[in-house]
Amino acid sequence: MSAGIRILAALLAFLAAAGVTTRCAAQQLSPNYYATICPDVEKIVRAAVTLKVQQTPVAVGATVRLFFHDCFVQGCDASVIIVSSGNNTAEKDNPANKSLAGDGFDTVIQAKAAVDAVPQCANQVSCADILTMATRDVIALAGGPAYPVELGRLDGLSSTASSVDGNLPPPSFDLDQLTAIFAANNLSQADMVALSAAHTVGFAHCGTFAGRIQPAAADPTMDPGYGSQLLAACPPGVDVNVAVDLDPETPKVFDNQYFINLQKGMGLLSSDQVLYADLRSRPFVDNWAANNTDFLAAFAAAMTNLGRVGVKTDPALGNIRRDCAVLNG
C-alpha cells in the first residue's frame, strides 16, 4: 500500500470515527434530561424568553440566527456566546459573526439568569441547552412549531475566531455548496431547505445582497419591482448598519411565506433564491409554499437534527458554564 493510500485510509477512518462519536453523543440527549435536576427548566426559560420578545421583538430572528451560527462551528455548545479576552479572539468576533444581533445573546443571558435564580437549578443547566430551548421558544412565539427539544448538552471549552472560517455558508453560495456544507454537519438537502426558511423572520444588512440589486448588473432571478424597493432602501453608499427584513411580506410571523416569496423572485439573498432557481431543490419550495403544515413539521424535524450537531456530553469535552459569556476558570 502506497503512503498516499495509507494517509487517505487513515483520514477516512478518522472521519468515520468522528461521525460515530457525534452520533453516540447525540443519542445521549433526552427531552427529559432535567426532569429530576431542574424539572421546571422549560417553563422558566419560556417565561424569560417571552418577556424578552415582548420587550424586543427582533430577538426572534436574532436568537434563531445565533443558534445556527453556534451549531455550525464546533457543534451546539454555546461557544459563540463567549467574549474575547486576553490573547484569545473568540468566535463572536470573527467577521462572519460581527452581524449577530446583541438581542440574541441577551435572550440567552436573561434565560440563564432566570434558571440560576431557582436554587435547585443554579449552575445545573448548560448554556447550550438554554440556547436550544430559547430558540424553540422564540420560533413558537412567532407562530412557528413548539417542537420538543432534546437536552443534555455540555458547554464547549474553547471559542476561537479562527474556528469559524469556512464553517458558515455565505449568502453567495449556490445549491451544491449549500448542500455540501450542510452534509458536513449530517444534515440533508431537505434539512437545508427547511432550515433556510428561518429567513421568514429577521433581517439582513444591505451589504449581503447589494450585488444583486445594482441596475447595471441586476440578478435576473430577482423580481424587478422587489429589486427597485431594495435599491431605494439600500442606495449606493448606504450606512453599513442599515438592514431590511428578510421576509418583505410577513416579517414578524414564522410561516411558509418565505417559500411563496421565492416563487415570486423575492428571496433576499442569493442563497435564498437559488433554492427555487435550481430545479433540484425547487420541489421542496413548491411543496412547502403550498402547505404550511408540512413545512412546519419539516422545520421542526430539521431543527432537531441541527440541535444534534457536534454535541458534547462527555465531561472531558465540556462543562456547565457559570457565565455563558466566560469560560469557567
Side-chain angles (χ1 to χ4, degrees), residues 10-11 14-15 17-26 29 62-109 111-112 123 125-132 134-135 152-173 177-178 180-187 195 198 205 207-208 240 271 305-329:
L11 176 59
F14 171 78
L15 292 174
V20 170
T21 300
T22 299
R23 287 193 295 273
C24 289
L29 301 179
T63 306
V64 175
R65 188 161 180 249
L66 184 67
F67 181 64
F68 177 84
H69 279 235
D70 182 49
C71 291
F72 262 46
V73 179
Q74 301 194 91
C76 306
D77 65 354
S79 55
V80 72
I81 302 175
I82 295 292
V83 297
S84 299
S85 61
N87 294 324
N88 181 60
T89 303
E91 287 178 31
K92 68 183 297 184
D93 287 322
N94 181 286
N97 283 333
K98 284 288 192 177
S99 61
L100 290 173
D103 285 303
F105 296 94
D106 191 54
T107 300
V108 179
I109 291 169
K112 165 74 168 171
N123 298 320
V125 182
S126 70
C127 300
D129 277 345
I130 290 174
L131 174 55
T132 303
T135 301
R153 298 165 190 79
L154 293 175
D155 297 324
L157 303 179
S158 68
S159 178
T160 61
S162 61
S163 64
V164 178
D165 296 335
N167 288 313
L168 293 172
S172 60
F173 263 15
Q177 292 169 313
L178 288 169
I181 199 168
F182 276 73
N185 290 285
N186 295 315
L187 297 167
L195 291 170
H205 293 90
T208 58
V240 295
S271 55
N305 291 336
L306 175 60
R308 295 169 178 167
V309 172
V311 296
K312 299 166 179 66
T313 57
D314 183 345
L317 301 176
N319 57 24
I320 294 177
R321 222 173 283 150
R322 291 186 292 273
D323 179 339
C324 289
V326 181
L327 297 173
N328 290 351

Mind listing the closest non-hydrogen atom pair of Ala90 and Ser84 along with its distance? N-OG, 2.8 Å
For Asn186 and Asn305, run side chain to side chain contact (heavy atoms under 4.5 Å, CB included): C-alpha distance rounded to whole Å, both residues' side-chain angles, the deciding distance at 0.1 Å, then the answer. CA-CA 8 Å; Asn186 295 315; Asn305 291 336; over 6 Å; no
May I have the step-by-step check of side chain to side chain contact (heavy atoms under 4.5 Å, CB included) for Leu306 and Phe67, ending in yes or no? CA-CA 9 Å; Leu306 175 60; Phe67 181 64; 3.7 Å; yes
Lys98 side chain reached by Asp93 side chain, heavy atoms, under 4.5 Å: yes
Please report the shortest heavy-atom distance between Asn94 and Asp165, naming the atom on each side. ND2-OD1, 2.9 Å
As an exercise, state the distance from CZ of Arg153 to CG of Asp70, rounded to the nearest 0.5 Å. 9.5 Å
With a 3.5 Å distance limit and no angle check, can you tell me whether Asp129 reaches the backbone of Gly152 through a side-chain donor-acceptor pair? yes
Looking at Phe173 and Ile181, what are the two nearest heavy atoms and their distance? CE2-CD1, 4.2 Å
So which heavy atom on Asp155 is nearest to which on Ala78, and how close? OD1-CB, 3.9 Å
Under a 4.5 Å cut-off applied to non-hydrogen side-chain atoms, are Arg65 and Ser99 in contact? yes
Does a donor on one side chain and an acceptor on the other come within less than 3.5 Å for Thr63 and Thr107? yes
Write down the atom of Leu168, the atom of Asn97, and the distance for their closest heavy-atom approach. CD1-OD1, 3.6 Å
Distance in Å, Ile81 CD1 paired with Lys112 NZ, rounded so as to fall on 0.5 Å steps: 10.5 Å
Any chance you could measure Lys92, atom NZ, to His69, atom NE2, to the nearest 0.5 Å? 13.5 Å
Below 4.5 Å, heavy atoms only, C-beta onward: do Pro169 and Phe68 meet side chain to side chain? yes
Do Phe72 and Val164 have side-chain heavy atoms sitting under 4.5 Å apart? no
Taking side chain as C-beta onward, heavy atoms only, is Val326 less than 4.5 Å from Ile82? no
Say you draw a straight line from CZ of Arg322 to CG of Leu327; how long is it, rounded to the nearest 0.5 Å? 10.5 Å
On a heavy-atom basis, which atom in Glu91 and which in Ser79 lie closest, and how many Å separate them? OE2-OG, 2.5 Å
If we only count heavy atoms from C-beta on, is the Ile130 to Val125 side-chain gap below 4.5 Å? yes
To the nearest 0.5 Å, how far apart are CG in Leu154 and CG in Leu317? 8.5 Å
Mind checking whether Cys71 and Asn185 have side chains closer than 4.5 Å, heavy atoms only? no
Which distance, rounded to the nearest 0.5 Å, do you find between the CG of Asp77 and the OG of Ser159? 8.0 Å
Can you confirm whether Gln74 sits close enough to Ser158 that some side-chain heavy atom of one is under 4.5 Å from a side-chain heavy atom of the other? yes
